[in-house]
Amino acid sequence: MSASERIDHLRQELNRHNHSYYVENAPTISDYDYDMLMKELEKLEKDNPELDDPLSPTHRVGSDLTKGFKQVVHVHPMLSLSNTYTIDEVDEWVCKCNELLGNSEGLRSVPIVGEMKFDGTSISLIYEYGRLVRAVTRGDGEKGDDVTENVKTIKSIPLMLHGGDYPEKFEIRGEIVLPWKAFDRLNEERAFNEEPLFANPRNAAAGTLKMLNSAEVSRRGLDAYFYYLISDELPTDNHYDNMLKAKEWGFKVSDSMTLLHSIEEVDHYINYWDEERKNLPVATDGLVFKVNNLRQQLNLGFRSKSPRWAIAYKFAAERALTRLNFVSFEIGRMGIVTPVANLEPVLLSGTIVKRASLHNEDIVKALDIHEHDMLYVEKGGEIIPKITGVDVAAREKDAKPVEFIEYCPDCGTKLIRLPGEAAWQCPNKYGCRPQIIGRLEHFVGRNMMDIDGVGEENCALLYEADLVRNIADFYNLKADDLEKLERIGPRTAQRIIEGVEASKQVPFERVVYALSIPFVGETVARKLARGVHDIDRLMSRSHDELVAIEDIGPRIADAIVEYFSYPGNREIVERLRAAGLQMAMPEIDTSDHTDLLKDKVIVISGVFERHSREEYKEMIEKNGGKNSGSISKKTSFVLAGDNMGPSKLEKAKSLGVPIIDEEEFLKMIGK
């Protein structure tokens, strides 16, 4: 067998196994055997680069190169659906469809398709000759973002179709979702890094799909379900059979799709899925009903923003009443005190809820929570449990209001309230155990130093064993000391030592993030690293010098100055430097830099044809200019593409700020 034939065979095999695993949920091969096939294909493609194909299974891992998204106009507008909230409203819609179609004998001559309304982000895929050529988000319904490279990483989406009876060109629409398991894992990672949690899988799916790093998109584990086919050459004259055909071609079509022939069947479908949806592996927020016959769909037509032949039924938010056992007060790595309601376990949306954050003192007071109150817990679309009310009638006699603590529950330090904020804080930054352990956990996290083998439990274990009392101590660890600890064997010890060594290659911007400087998150750390270039400049910059860096405000500047005014933090930095961590940005080739835009403050707005927004920002900086996110009197000009924001356009005109297009800009810098 030639290399070309073997490559084709392996691609077909891997695509078939992907479909069995991710769509049919029935794997036919072990993970090991799958990996061996993939490795063989990777080697063959590497040895025969002329046989590469962008739709090969080997490309599903994504790329870590960043680039912007260009906007694409939808051939067929992606309209929204009218919503209903009661069974009676759905029944009225069914009757109206029958009336408009001249059916006086009831629903039986107008079959309806019932489908699950998945809670994710809408997507439109274009296929030509059985190959995926474009993936576009819904956007504003008229145009959306081209996210083809990210969609290619979603393993349940076929890159090449099965069979051969599909139209030469067609569009299929669906929903990109993040399954519960992937959502929980992602939020666990974010909680560990003290990043804001995603409120629900819908937000997480939408945010993931728009990430500029397709390798990270691939890692997060998105999934997709499809629900509508558009083509001039559809295989059948009805929606239901078209979707069954799409399923044969390799698309994931929900088994919940059902053909209904009476109002009674529609009502039964709603009642059944109102309960059964809680057992699904993905989030849903309702059902969708469509007239099945395509000719009847055309006859019913459209309203201004939605089709008459389809309607959405929204599930009511799920709510439960359960007893408050007690309120605990937990300290984060920045000393912020968070009250947490510890509850009698209650089932909500398929998960057992035992705890719910009360966020701060003001919310506790607003809810007027007393000891052992019966509390209403709600999920609905916001899948993070929240307390929405109190059953005052069920309150125990003489129950006392929940009082916010005055002293840190761990170190006993009197709490302080941050000016202008609802949060209370333990000011004992360098002597409070949960704050110290929290900083250790943050330091070793995936987006920081990424030290393998050290999780939440092991950080606490290392602290209690007096092996790691601050982040610099990680670089003094020895395998022999680790192996003496409970739960850490020789293999884990070796992983930790290797992870510590590997972390010395982590870029400077992530080192800045890992230091746990207040208000310095991942994005701000990147801005700081690029603005100061090395740790010595960061430690020596004054408040005013820090504020001069793009997007660094007074509060962040104050926090940085205060952080490095503490001798212990400077000592830790020096120990990290001595250990070999990256304390400066890599040298940049400035041979192509100019001062053509020196002293120019430039705002970028709109969508561009020639280059992405990020590329234009880089050009501005290379030519001595400064990027700004907002228009002011200091703005030299606006570099505008298509669809410039109306508020920016109005402000530029009112201030007399020049607006230039990309052609004029490129000429300005000699390109």
Problem set entry | Verdict with supporting geometry, Thr121 and Arg138, side-chain contact (heavy atoms from CB on, under 4.5 Å) | CA-CA 8 Å; Thr121 185; Arg138 180 181 182 276; over 6 Å; no
For this session: Determine, step by step, whether Tyr166 and Tyr127 satisfy the ring pair (Phe, Tyr, Trp, His ring centres under 6.0 Å) criterion, reporting the C-alpha distance in whole Å, the side-chain angles of both residues, the deciding distance to 0.1 Å, and the verdict.
Result: CA-CA 10 Å; Tyr166 40 76; Tyr127 283 79; 8.5 Å; no
Problem set entry | Worked check of salt bridge (charged side-chain N to carboxylate O under 4.0 Å, His left out) between Arg202 and Glu175 | CA-CA 10 Å; Arg202 177 185 66 254; Glu175 198 82 357; over 6 Å; no
For this session: Show your reasoning for whether side-chain contact (heavy atoms from CB on, under 4.5 Å) applies to Val151 and Ile123.
Result: CA-CA 9 Å; Val151 163; Ile123 196 72; 4.2 Å; yes
Exercise. Should Glu171 and His76 be marked as a side-chain contact (heavy atoms from CB on, under 4.5 Å) after you check the CA-CA gap, both sets of side-chain angles, and the distance that decides it?
Worked result: CA-CA 9 Å; Glu171 176 183 357; His76 306 277; 3.5 Å; yes
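Aromatic ring pairs are classed by plane angle as parallel below 30°, tilted from 30° to 60° and perpendicular above 60°; the pair Phe474 and Phe443 is parallel. Taking the six-membered ring where tryptophan is involved, the planes of Phe302 and Trp309 are perpendicular, since the angle between them exceeds 60° and thus also 30°.
Ser256 and Ser254 share a donor-acceptor pair across their side chains, judged by distance under 3.5 Å alone. Ser80 and Ser306 share no side-chain donor-acceptor pair at under 3.5 Å. A side-chain N or O of Glu115 and one of His239 form a donor-acceptor pair less than 3.5 Å apart.
In summary, Lys247 and Asp255 engage in a salt bridge, as defined by a charged side-chain N under 4.0 Å from a carboxylate O. Classification of Glu509 and Lys527 as a salt-bridged pair fails, no side-chain N sitting under 4.0 Å from a carboxylate O. Ion pairing of Glu189 with Arg219 is present here, as a side-chain N (NZ or NE/NH1/NH2) and a carboxylate O approach within less than 4.0 Å. Using a cut-off of 4.0 Å between Lys/Arg side-chain N and Asp/Glu carboxylate O, Lys70 and Asp145 are scored as not salt-bridged. Note on Arg134 versus Glu128: no salt bridge recorded, every NZ/NE/NH1/NH2 to OD/OE distance being 4.0 Å or above. Between Asp223 and Lys252 there is a salt bridge, since a side-chain N of the basic residue sits under 4.0 Å from a carboxylate O of the acidic one. We find that Lys43 and Asp47 are joined by a salt bridge, their nearest charged nitrogen and carboxylate oxygen being less than 4.0 Å apart. Using a 4.0 Å cut-off between charged side-chain N and carboxylate O, Lys617 and Glu621 make no salt bridge. A salt bridge is absent between Lys46 and Glu42; no separation between the charged side-chain nitrogens and carboxylate oxygens falls under 4.0 Å.
One N or O on the side chain of Asn238 and one on the backbone of Asp241 form a donor-acceptor pair closer than 3.5 Å. Panel note: side chain Glu265, backbone His261; a donor-acceptor pair is recorded below 3.5 Å. In this structure a side-chain-to-backbone donor-acceptor pair under 3.5 Å is missing from Ser214 to Val217. Put simply, the side chain of Ser503 gets close to the backbone of Val500: a donor and an acceptor are under 3.5 Å apart. Judged purely by atom type and a 3.5 angstrom limit, Asn242 has no side-chain atom pairing as donor or acceptor with the backbone of Asp237.
Other residues, nucleotides and ligands place no more than 12 heavy atoms under 6.0 Å from the CZ atom of Arg295. Within a 6.0 Å radius of CG in Asp165, more than 12 heavy atoms belonging to other residues, nucleotides or ligands are found. Surrounding NZ of Lys181 are at most 12 heavy atoms belonging to other residues, nucleotides or ligands under 6.0 Å away.
From Asn83, atom CG reaches atom OH of Tyr313 across 12.0 Å, with rounding to the nearest 0.5 Å. One distance of note links CD of Glu498 with CD of Glu501; it measures 9.5 Å at 0.5 Å rounding. The distance from atom OG1 of Thr153 to atom CG of Leu222, rounded to the nearest 0.5 Å, is 6.5 Å. With rounding to the nearest 0.5 angstrom, the CZ atom of Phe665 is 7.0 Å from the CD1 atom of Ile604. Summarising the geometry, atom OG1 belonging to Thr492 is positioned 7.5 Å from atom CG belonging to Asn458; distances are rounded to the nearest 0.5 Å. Taken from CG in Leu14 to CG in Leu10, the straight-line distance is 6.0 Å, to the nearest 0.5 Å.
Of all the heavy atoms in Leu234 and Ser231, the pair that sits closest is CG-O, 3.5 Å.
The side-chain tip of Arg173 does not point at the ring of Tyr227 from less than 6.0 angstrom away and within 45° of straight on.
Between Trp249 and Phe226, a ring centre-to-centre spacing not shorter than 6.0 Å is recorded.
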